[in-house]
Amino acid sequence: MDFALTGEQEALRDTAAKYLADERADADRAWNDVTGLGWIDPELGTVELALLAEQLGYARSPSPWWATVGLAGPALRAGGRTLRRPATLAWAEEPGPGTLAALLSPARSGGVSCTVAADGTLDGRKVAVPHAGEAADLVVAVAGPDGVELRLVDASALHPAPSDAGPAGLDPTRPAATVDLSGAASAPLVAAHASGDVLAEIRRRTLTLLAAEAVGVATRALAWATEYATARTQFGRPIGANQAVAHPLAELYGQVETARSLAYRAAWSVDAEPGPVADRAVATAAVAGREAATTACEAAIQTYGGSGFTWEQPLHHWYRRAWWLATFDGTVSDLRAELAASLLDGTTGQDAPGR
């Protein structure tokens, strides 16, 4: 088995890094650039998407790309649609567990109370919808007569209400909103009998992309910390010469590289061996990536000393992204419990205890 990236994959990664290093990448034209660069092409596998996600995390890009290809992409493809414009998935409601894993319960109810009428109009609302204000297409999980189904809504006719409560307020570049869907017209996308498989694919792909993004965040924080430890001098020598500074950064390097390997392994597994094996690989990568991102940001802030604790320090923006990543679709503890249940009891994310 070849464990190395191909030349095409390396070129894709390097091109993304070069583009995102340009400050203009955060301008309003970013989405047109993303489509022009081919980042939503259907030919890209999950490994290629993970390489892009890693670079987007390194740059802390505000792009809705991850929501489009991760949350909405599998459903749009399953419904015979193509990715052309920003899209996202609306699944969480109040009250209800509000996680993607909840939709994968045996009954696949997931607390879904949003309903669809015979004429296709919806009744209900969704909360914590990622990038709802930027999305042109909205994939909605609704309760149909035969179970949970996925339907497509033209988001241009909706008026999302931005929310900064809970995890949505951790990173302003990852906005979420409440969307009132009462009376909204919808088109069928994925029927109830097929929605379980599609939702499982959505969760695997989304968690994998965010694990790779977390690796990018961790890599950026580690690079900053290493550069500062090399350049900052005290008593005539770099602070990195002190074991109290050097050893934590060396240990962090090992943690980040482990998380990167696990993210790449999960990305390969999603396409090559979907099912329980991929679920375990994805959960492992998600845990490793989230912990690496938060640990790296904290270590970098500590390395900077007093200046690291000021709001003027850019690291805090990446730290906010790291904590947003650490809370998406459950905490690290939730993912560990899911992984343990899969390994010890033979269950999967769909029927793990507490799901």
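Electrostatic pairing of Arg290 and Glu213 does not count as a salt bridge here, judged by no charged N lying under 4.0 Å from a carboxylate O. We find that Glu134 and Arg85 are not joined by a salt bridge, their nearest charged nitrogen and carboxylate oxygen being 4.0 Å or further apart. Between Lys126 and Glu93 a salt bridge is recorded (basic side-chain N to carboxylate O distance below 4.0 Å). By the 4.0 Å N-to-carboxylate-O rule, Arg60 lies close enough to Asp171 to be salt-bridged with it. Taking 4.0 Å as the cut-off between side-chain N and carboxylate O, Glu54 and Arg220 do not count as a salt-bridged pair. Here Arg151 pairs with Glu149 in a salt bridge; the nearest charged N to carboxylate O distance falls below 4.0 Å. Ion pairing between a basic and an acidic side chain is recognised when a charged N comes within 4.0 Å of a carboxylate O; Glu273 and Arg204 show no such pairing.
Using a distance-only test at 3.5 Å, with no hydrogens or angles considered, no donor-acceptor pair links the side chain of Thr226 to the main chain of Ala223. Looking at Thr331, its side chain never comes within 3.5 Å of a backbone N or O of Thr327 through a donor-acceptor pair. Side-chain N or O atoms of Ser269 include none that pairs as donor or acceptor with a backbone N or O of Arg265 at under 3.5 Å. A donor-acceptor pair under 3.5 Å is formed between the side chain of Ser195 and the backbone N or O of Ala192.
Following chains of ILVMFWY side-chain contacts shorter than 4.5 Å, one can reach Val270 starting from Trp65, so the two form part of one hydrophobic cluster. With hydrophobic clusters built from ILVMFWY side chains whose heavy atoms lie under 4.5 angstrom apart, Val69 does not share a cluster with Val129. At a threshold of 4.5 Å between side-chain heavy atoms, the hydrophobic network of Ile, Leu, Val, Met, Phe, Trp and Tyr places Val332 and Trp324 in one connected group. Cluster membership check: Val190 shares its hydrophobic cluster with Leu199, using side-chain heavy-atom separations under 4.5 Å among Ile, Leu, Val, Met, Phe, Trp and Tyr. Cluster annotation: Leu20 is connected to Leu210 through the hydrophobic network of ILVMFWY side chains, with a link wherever side-chain heavy atoms come within less than 4.5 Å.
Taking the side chain as every heavy atom from C-beta outward, Val116 and Thr121 never approach each other to under 4.5 Å. Annotation: side chain of Leu189 is not in contact with side chain of Val198 (no heavy-atom distance under 4.5 Å). Side-chain atoms of Ser342 and Asp279, non-hydrogen and from C-beta on, never get closer than 4.5 Å to each other. By the 4.5 Å heavy-atom criterion applied to side chains, Leu37 and Tyr19 are counted as neighbours. Side-chain contact check for Trp91 versus Val127: every heavy-atom pair is 4.5 Å or farther apart. Inter-residue side-chain proximity for Asp329 and Arg203 is flagged as met; some heavy-atom pair is nearer than 4.5 Å. Looking only at side-chain heavy atoms (C-beta outward), Arg13 and Leu5 come within less than 4.5 Å of each other. Residues Val142 and Thr115 form no side-chain contact, since every pair of their non-hydrogen atoms from C-beta on lies 4.5 Å or further apart.
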Could you tabulate the donor-acceptor pairs under 3.5 Å formed by side-chain atoms of residues 235-257, not counting sequence neighbours?
from	atom 1	to	atom 2	distance (Å)
Arg237	NH2	Asn242	OD1	2.7
Asn242	ND2	Ile239	O	3.3
Glu257	OE1	Arg260	NH1	3.3
Glu257	OE2	Arg260	NH1	2.4

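The aromatic ring centres of Trp224 and Trp318 sit less than 6.0 Å apart.
Partner Leu138 forms a side chain to side chain contact (heavy atoms under 4.5 Å, CB included) with one of Asp154, Leu152, Thr88 and no other, that one being Thr88. The residue from Leu56, Thr15, Leu49 that alone fulfils the side chain to side chain contact (heavy atoms under 4.5 Å, CB included) condition with Trp39 is Leu56. When each of Asp137, Val140, Val139 is tested with Leu89 by the rule side chain to side chain contact (heavy atoms under 4.5 Å, CB included), just one qualifies, namely Val139.
With rounding to the nearest 0.5 angstrom, the CZ atom of Arg205 is 11.0 Å from the CG atom of Leu71. Here the straight-line distance linking atom CD of Glu227 with atom OG1 of Thr303 works out to 12.5 Å at 0.5 Å rounding. Once rounded to the nearest 0.5 Å, the distance linking CG of Leu209 with CH2 of Trp66 reads 9.0 Å. Within the model, atoms CZ of Arg84 and CH2 of Trp31 stand 11.0 Å from one another, a figure rounded to the nearest 0.5 Å. Rounding to the nearest 0.5 angstrom, the gap separating the CG atom in Leu335 from the CG atom in Leu207 is 6.5 Å. Atom CG in Leu150 sits 11.0 Å away from atom OG in Ser186 (nearest 0.5 Å).
In this structure, the side chain to side chain contact (heavy atoms under 4.5 Å, CB included) partners of Glu298, at least two apart in sequence or on a different chain, are Tyr319, Trp323.
Closest heavy-atom contact between Pro160 and Ala132: CG-O, 3.8 Å. Nearest heavy-atom pair across Pro274 and Ala272 is CD-C, 3.6 Å. Between Ala259 and Ala288, the shortest heavy-atom distance links the atoms CB-O, 3.7 Å. A pairwise comparison of heavy atoms in Leu181 and Cys114 identifies CD1-SG, 4.1 Å as the closest pair. For the residue pair His131 and Thr173, the shortest heavy atom distance occurs at CE1-O, 3.6 Å. Taking all atoms of both residues into account, the shortest heavy-atom contact from Val112 to Ala141 is CG1-O, 3.7 Å.
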Practice item. Dump the intermediate steps for side chain to side chain contact (heavy atoms under 4.5 Å, CB included) on Leu339 and Arg280, then the final yes or no. Key: CA-CA 6 Å; Leu339 183 59; Arg280 287 191 285 270; 4.0 Å; yes

Check your understanding: Stepwise, does the side chain to side chain contact (heavy atoms under 4.5 Å, CB included) test hold for Tyr58 with Val215?
Key -> CA-CA 8 Å; Tyr58 187 90; Val215 171; over 6 Å; no

Practice item. Output, in order, the C-alpha distance, side-chain angles, deciding distance and verdict of side chain to side chain contact (heavy atoms under 4.5 Å, CB included) for Thr99 and Asp334. Key: CA-CA 11 Å; Thr99 64; Asp334 294 331; over 6 Å; no

Practice item. Go through the steps to decide whether Arg336 and Glu291 satisfy the test salt bridge (Lys or Arg N to Asp or Glu O under 4.0 Å), and finish with yes or no. Key: CA-CA 12 Å; Arg336 286 186 182 280; Glu291 291 187 333; 2.7 Å; yes

Practice item. Output, in order, the C-alpha distance, side-chain angles, deciding distance and verdict of side chain to side chain contact (heavy atoms under 4.5 Å, CB included) for Thr206 and Phe328. Key: CA-CA 10 Å; Thr206 300; Phe328 181 84; 3.6 Å; yes

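Using bins of under 30°, 30° to 60° and over 60° for the plane-to-plane angle, the ring pair Tyr228/Tyr304 lands in the parallel bin.
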